[in-house]
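None of these values were measured; they are calculated from a predicted model. Order of appearance sets the numbers: ligands from 1, and atoms from 1 within every ligand.
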Amino acid sequence: MRQGSTIVGLGRYLPGRILTNAELARTVDTTDEWIRSRTGVEERRIAAPEEASSDLAYGAAREALETAGIGPAEIDLIIVGTTTPDMVFPNVACLIQKRLGTRTVGCLDVSAACSSFVYGLSVAHGAIVSGQAETVLVVGAETLSRITNWRDRATCVLFGDCGGAAVLRPARKGDGFLSFTLGGDGQGGDALQMKAGGSRRPASYETIERGEHYIAMNGSEVYQFAVRALCDAAAQALREADLGPADVDFVIPHQANIRIIESAARRLKIPMEKFFVNVQRYGNTSAASIPVALYEAAAAGCVRDGGLGVLVTFGAGYTWAACTIRWGGGIRRRA
Ligand code: ACO
């Protein structure tokens, strides 16, 4: 059995179009002040009409491979976390496998809403530790703008489009991922869902008339769950690594709402300065939120070799996930 796995490259893809709160306030009954004070969001990215999630995933994957110094031929497994695949099938992982020109490797999409990227990291870690794979590409990519009801002020101010990616390789003992915790509770399913477009309610004129192909959310219920889930998941991942809040150097939380992050920081007793926040620029980008935040935290010098980090997220399902990582120490070359 291998010792562990770690991240050796990160990438990000940002659609060019920036939609500000002021612009939104011209189309729905809201204000920049309301959105900033309730969510922390100032602007979000919107994919171009010809762009789909696989385009965002591909852009992020290319950069992650470049920063890792790894060619597509070295990839053994591709995992894509997304709630907004280009189509029901083929999956996004196959779409980017073709464009990257990798070997005919395993291609898997993970569907756990905003928790999908951390779920994907966990699958990748397992594949590396078991010896099934040496180099795994994990991507989170979303075009939430395509399932957003732009006339519903309660949801349309929250979301955005982005892609983020990480390349995982084996690590020396004590470096890289130290623990993972994954959770799910289907009792929360009604609070956050897209009702139609699947096998229970296939697309029809009626489902479209009722707006059932959009995100439907009970905001306050999700809010309460989110704070609890972030705290419990982060605390459990730390416990499983025999660590405590005082050991943490940086936290990459799911970027859904600044108030959720601040509440979680207070409850976890980890100073807010250790939490990386970019929700103001992108809104909630679901599966892309953690890899894009991690990319920017690393670029800003908030994530340093030897530092202990926690990645923690929650999403529809309900789902939640967290992991701890000792940054650095990747073994880049095949033995
Ligand atoms: N502009 C102005 N007013 C608004 C807006 C808006 N954009 N949206 C709602 N309001 C109004 C409501 O109608 C309500 O008015 P009323 O009191 O007259 O009825 C009032 O503001 C307060 O609404 P609340 O829903 O109580 O506002 P709250 O402070 O709870 O904030 C929010 C709402 C931001 C949605 C919050 O509940 C939240 O962040 N929830 C969690 C959302 C989340 O994290 N989702 C994760 C999605 S993850 C995934 O898997 C896709």
Per-atom contacts, ligand 1 versus [X] - under 4.0 Å to a heavy atom:
X	answer
A316	50 (O)
A113	50 (O)
V157	7 (N)
T39	34 (C)
G315	50 (O)
L192	47 (C), 48 (S), 49 (C), 50 (O)
C114	48 (S), 49 (C), 50 (O), 51 (C)
A256	44 (O)

Within reach of ligand 1, part of N284 (heavy-atom separation under 4.0 Å): side chain

With a 4.0 Å heavy-atom cut-off (strictly under), which part of I260 contacts ligand 1: side chain, backbone, both or neither? side chain

Apart from L14 itself, its cluster of hydrophobic side chains linked below 4.5 Å comprises Y282, V292

Under a 4.0 Å threshold between the charged nitrogen and the carboxylate oxygen, would [Y] count as salt-bridged to [X]?
X	Y	value
R153	D29	yes
E206	R201	no
E134	R169	yes
R36	E42	yes
R17	E23	yes
D161	R44	no

So which heavy atom in the protein is nearest atom 15 (O) of ligand 1, and how far is it from that ligand atom?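 Closest protein heavy atom to atom 15 (O) of ligand 1: R153 NH2, 4.2 Å.
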
What protein heavy atom sits nearest atom 23 (O) of ligand 1, and how far off is it? R38 NH1, 4.2 Å

Classify the ring geometry of H125 against F180: parallel below 30°, tilted from 30° to 60°, perpendicular beyond 60°.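 Because their plane-to-plane angle lies in the 30° to 60° range, the rings of H125 and F180 count as tilted.
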
How many angstroms lie between OH in Y58 and OH in Y13, if you round to the nearest 0.5 Å?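 Interatomic distance, Y58 OH to Y13 OH, rounded to 0.5 Å: 11.0 Å.
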
Main-chain N/O of V41 paired with N21 side-chain donor or acceptor, under 3.5 Å: yes

Yes or no: does I35 have any heavy atom under 4.0 Å from an atom of ligand 1? no

Is [atom] near the protein, in the sense that some protein heavy atom lies at less than 4.0 Å from it?
atom	value
atom 37 (O) of ligand 1	yes
atom 20 (C) of ligand 1	no
atom 31 (O) of ligand 1	yes
atom 42 (C) of ligand 1	yes

Test of proximity, [X] against ligand 1: N or O pairs below 3.5 Å:
X	answer
T31	no
T30	yes
G219	yes
R259	yes

Looking at R304, I'd like to know if its CZ atom is crowded, meaning that more than 12 non-hydrogen atoms belonging to other residues, nucleotides or ligands lie closer than 6.0 Å. no

Can you name the ring-ring contact (aromatic ring centres under 6.0 Å, His included) partners of Y223, sequence neighbours left out? none

Transitively linked via ILVMFWY side-chain contacts under 4.5 Å: L230 with L294? no

